[in-house]
Protein chains: 2
Amino acid sequence: MSLKFAILGYLSTGPGTGWDISRQFDTGLGWFWTARHSQIYPELKRMTQDGLVERDSETVGEALERFSYSITDRGRALLAEFTASAPVYPPNRDAERLQFIFADDTPEALRAHLEAHRERHTRRRTQLLEILDALRANTHERINLRVANRRAEGKSLTLGLRELAYQGELQRADLEIEWADGALDWLSDNTSY
Amino acid sequence: MSLKFAILGYLSTGPGTGWDISRQFDTGLGWFWTARHSQIYPELKRMTQDGLVERDSETVGEALERFSYSITDRGRALLAEFTASAPVYPPNRDAERLQFIFADDTPEALRAHLEAHRERHTRRRTQLLEILDALRANTHERINLRVANRRAEGKSLTLGLRELAYQGELQRADLEIEWADGALDWLSDNTSY
DNA sequence: TTGTCCATGTAAACAGTTACATGATTGA
DNA sequence: TCAATCATGTAACTGTTTACATGGACAA
């Protein structure tokens, strides 16, 4: 359901191809939503049929046909409806925690498990710091485009929301690192492993 | 994929029915994994065929047939394989953040959005504190059963892992509340909304 | 000319949700 | 006897992943 809104959100900044959306899901936007190209192309087709986006084709080089999508007024309205609606929270599903709580029968694996947790979030942390730097230095192209399309008052809001969102991800990463450290300490103090 | 392991984990504490598993997903275990009964019953059937669990029936009252499942050695081995394996992280998908970053076109909704976020995690926080209390007071039945089935050295590990896991959830809730507070402050300082 | 990236699709399988369907037990 | 809870299933649909399939553009 939200894939549609991720795409609408992306296109609300400016037109783009299915490929662009796919790229974006691997980088900036990908912190909040992702999808494979195999899901994107059929979705864009459906959205075109529903009048949420418009597709026009351009030819690159000799023969490569490329389809660029732009958001329509209907799409913009639906996106506004989404952003203004009450958040809906997904069910709790955390396979990693499941591994953790049932690891009392395989305690040898616990330390490696927690170190993997720590490393993952340390990596995320580094990546997030880079994004935040780019955001503050105004070198994040797509966001600059979005900011440019807004009038003076809206500019700081666009940037502020992004910064808050990435900041939130950063805090989450920091928390996970601290949690893993605490758990590793506890392990050292309480088991022979 | 992980539903199987959530069920195996549950049954590794002691036998239970599909209904029991469903109940558990609404309470304790539900913080880490959930599923509807429509997914549980077919999964139990498959797991029985795969020899991971064993089913036997008992009759309650006059006519109600109830099926109790117990984990097999094969099931236990597969669970151990799971808990000892490296964690696999799901793709980032956070519809709420999507609402947030694209709300620069519907700023009137932002305050309500952040307050909903705050309330959700405040509610979660309260529930988690109750669970942690029960854990420390040893009134959490299912976990007591699990602890009881372990030898002296394992007992503190079982309890410790649970406590760390719920503690982690609590920290996550606290973080979200702080984040929302910070974002609300920022909003007050930086926009007319 | 070769490798990397750009670019667009489809099909089958798997995971999860919603809705449909039924009925017994227990306690107030 | 009524309501809440216990109890087990199936069917249709939606969302997501993996694999299959194809080919052009561009730079070294």
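We find that CD of B/Q24 is positioned 16 Å from C1' of D/dC6, with the value rounded to whole Å. Remark: P of C/dC6 and CG of A/D26 are 11 Å apart, rounded to the nearest angstrom. Rounded to whole angstrom, the span from the CD atom of A/E43 across to the C1' atom of C/dG9 amounts to 15 Å. Computed from coordinates, the B/L44 CG to D/dT10 C1' distance equals 15 Å when rounded to whole Å. One can place CZ of B/R55 at 12 Å from C1' of D/dA7, the figure rounded to the nearest angstrom. Between the CG atom of B/L3 and the P atom of C/dC14 there is a distance of 15 Å, rounded to whole Å. Regarding B/Y69, its OH atom lies at a distance of 13 Å from the P atom of D/dA7, rounded to whole Å. The distance between atom CH2 of B/W19 and atom C1' of C/dT26, rounded to the nearest whole Å, is 13 Å.
The B/Q39 side chain lies nearest to C/dG16 when the options are C/dT8, C/dG16, D/dT10.
Using cut-offs of 30° and 60° on the angle between ring planes, the pair A/H117 and B/Y89 is tilted.
Nucleic acid contact for B/S38: base, since at least one base atom lies under 4.0 Å from a heavy atom of the residue. Here B/R93 lies in heavy-atom contact (under 4.0 Å) with sugar-phosphate atoms only.
In A/E58, the CD atom is crowded: over 12 heavy atoms of neighbouring residues, nucleotides or ligands sit closer than 6.0 Å. Heavy atoms of other residues, nucleotides or ligands lying less than 6.0 angstrom from CD of B/E54 number 12 at most.
OP1 or OP2 of C/dG16 has not a single side-chain nitrogen or oxygen of B/R36 nearer than 4.0 Å. Distances shorter than 4.0 Å separate some side-chain N or O of A/K45 from OP1 or OP2 on C/dT10. The shortest distance between the side-chain N/O atoms of A/R66 and the OP1/OP2 oxygens of C/dT8 is not below 4.0 Å.
Geometrically, B/R146 does not engage A/F102 in a cation-pi contact, judged by NZ or CZ lying under 6.0 Å from the ring centre and within 45° of the ring axis.
With the nearest nucleotide of DNA chain D identified for both B/G18 and A/M1, B/G18 has the one nearer the 5' end. Comparing B/P91 and B/F67 by the nucleotide of DNA chain D whose heavy atom lies nearest to each, the residue mapping closer to the 5' end is B/F67.
Aromatic ring centres of A/F100 and A/W179 lie closer together than 6.0 Å.
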